Amino acid sequence: MTEHAPVSAVMHRAKADARASHVTVGQVRHLAGGREEIDCSCGMTLTNGPQWSLDEHIRLHRAEARYLALSEVAPAGMPRLIPVDPARLPR
């Protein structure tokens, strides 16, 4: 039986920081034509669209934020699904 190594403190902190930096702020604004939007604490406005809900945009935004934060601190040479540039960020 192999032991599982704990998640590195650096990667754990990056994920926690991303989660804390991307929370919705205020109330959903209902606009003309069925549009909805809400602000993120990072300054981006999240919206629904013709083929996605506001909830889906929020989930994607948070996932992208976590992915970018983890990418910045991932060890160089770690196998990746998405090619990365020399700074270890996705291309």
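Just so we're clear, the structure is a prediction, and the values are computed from it rather than from any experiment. Sequence positions, counted from 1, serve as the residue numbers for this chain.
Side-chain contact between Glu72 and Leu89 is present, with heavy atoms from C-beta onward closer than 4.5 Å. Residues Ile58 and Cys40 are not in side-chain contact: their nearest non-hydrogen atoms beyond the backbone lie 4.5 Å or more apart. Side-chain contact between Arg29 and Thr45 is present, with heavy atoms from C-beta onward closer than 4.5 Å.
No more than 12 heavy atoms of other residues, nucleotides or ligands sit less than 6.0 Å from atom CZ of Arg59.
For the salt bridge (Lys or Arg N to Asp or Glu O under 4.0 Å) test, no residue two or more places apart in sequence or in another chain qualifies with Arg88.
Taking all atoms of both residues into account, the shortest heavy-atom contact from Val25 to Ile38 is O-CG1, 3.6 Å. Between Thr47 and Trp52, the closest heavy-atom pair is O-NE1, 3.0 Å. The minimum heavy-atom distance linking Asn48 with Ser53 is given by the pair CB-C, 3.9 Å. In terms of heavy-atom proximity, Ser41 sits nearest to Ser21 at OG-O, 2.9 Å.
The CG atom of Asp55 sits 11.0 Å away from the CG atom of Leu60 when rounded to the nearest 0.5 Å. Taken from OG in Ser71 to CZ in Arg66, the straight-line distance is 12.0 Å, to the nearest 0.5 Å. A distance of 9.5 Å separates NE2 of His12 from CG of Asp17, quoted to the nearest 0.5 Å.
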request  = Determine, stepwise, if the pair His57 / Met44 fulfils side chain to side chain contact (heavy atoms under 4.5 Å, CB included).
outcome  = CA-CA 11 Å; His57 192 180; Met44 186 172 180; 4.1 Å; yes
message = Run Glu37 and Leu54 through side chain to side chain contact (heavy atoms under 4.5 Å, CB included) and show every step you take.
response = CA-CA 7 Å; Glu37 63 181 29; Leu54 179 57; 5.5 Å; no
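No donor-acceptor distance shorter than 3.5 angstrom exists from the side chain of His22 to the backbone of Arg62, with no hydrogens or angles considered.
The hydrophobic cluster containing Val10 also contains Leu70, counting ILVMFWY residues as joined when their side-chain heavy atoms lie under 4.5 angstrom apart, directly or transitively.
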